[in-house]
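Atoms within a ligand are numbered from 1 in the order they appear, just like the ligands themselves.
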Amino acid sequence: MNVISLRAFNDNYIWLIGNGRQAAVIDPGDAAPVSAALAERNLELVAILITHHHQDHTGGVRELLAAWPEASLYAPAGERLPAPGATALADGDSVALPGLALELQVLSVPGHTLGHIAYYGNGMLFCGDTLFSGGCGRLFEGTPEQMHHSLGRLAALPDDTRVYCAHEYTQANLAFCHAVEPDNPALLNYMKEVAKLRQQDVPTLPSSIGREKAVNVFLRTAEPAVRATAQLQAMEELNEDCQVFAALRRWKDHF
Ligand SMILES: [Zn+2]
């Protein structure tokens with residue numbers, strides 16, 4: 001089984017899980033790159049998995065289902081379903097894809113949207129717009145408390161979990177992390193690595209939970225250096241990790 005990135009729009013990634021015969025895709029905002037990849041590799045589409053309702057994650061669903069009527073569609077129970085016949089998923093559910101020898105657990109991770117879910121299994125995390133490398137999703141619908149809790153759930157997964165985010169935002173996110181925590185050696189090393197990859201137009205993803213815990217300030221709200229910078233920026237004392245998170249998220253919105 002392998003996972004490949006398909007580019008869509010400016011900076012989206014649609015992730016395709018394939019085993020040489022069958023394939024599943026996560027968040028196909030556009031059908032065209034998926035159809036091309038399936039044809040090129042002679043794969044049968046068996047499942048479409050959606051993390052949240054935004055158009056750049058769901059826009060290709062109906063066209064793909066028209067071409068692959070047997071494919072199963074999975075989407076969050078808490079949001080408008082992207083097409084009729086979808087299986088609505090809530091926290092604790094799992095998705096079995098026997099043809100791909102894969103079982104994915106569903107984690108409820110509200111914040112970016114209220115019904116946002118992530119899929120976790122086989123050492124892989126597909127987290128949509130919740131966790132990015134070096135960043136996290138904007139709070140379009142949820143509260144800072146919800147997002148902080150959701151990120152905490154993801155950070156509790158094993159360090160070697162591969163993190164498949166839905167956007168190539170890494171380089172800009174790391175510039176923000178650097179403004180918050182300029183002396184973090186792990187961050188400085190990762191910035192160099194990412195600069196090289198982007199120069200060669202290579203995806204910086206997947207990341208890993210261990211790496212994100214080392215560099216991503218939104219997962220580092222308990223670090224004294226992160227808290228100190230957040231307090232300076234917010235011009236108030238921040239006693240709880242969640243307050244540090246909220247201050248960082250507000251700052252990042254206009255960084
Ligand atoms: Zn989104």
Heavy atoms of other groups near H149 NE2, more than 12 under 6.0 Å: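 Counting other residues, nucleotides and ligands, NE2 of H149 stays at 12 neighbours or fewer.
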Mutual orientation of the aromatic rings belonging to H112 and H116 [parallel < 30°, tilted 30-60°, perpendicular > 60°]: perpendicular
V194-V163 co-clustered via ILVMFWY side chain contacts under 4.5 Å: no
The single option from N239, D241, T221 passing side-chain hydrogen bond (donor to acceptor under 3.5 Å, both in side chains) against R227: D241
N, O or S of H52 under 2.8 Å from the Zn ion (ligand 1):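 Given the 2.8 Å cut-off, H52 counts as a ligand of the Zn ion (ligand 1).
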Any N, O or S atom of D129 closer than 2.8 Å to the Zn ion (ligand 1): yes
At the Zn ion (ligand 1): angle between H112 atom NE2 and H54 atom ND1, to 10 degrees: 90°
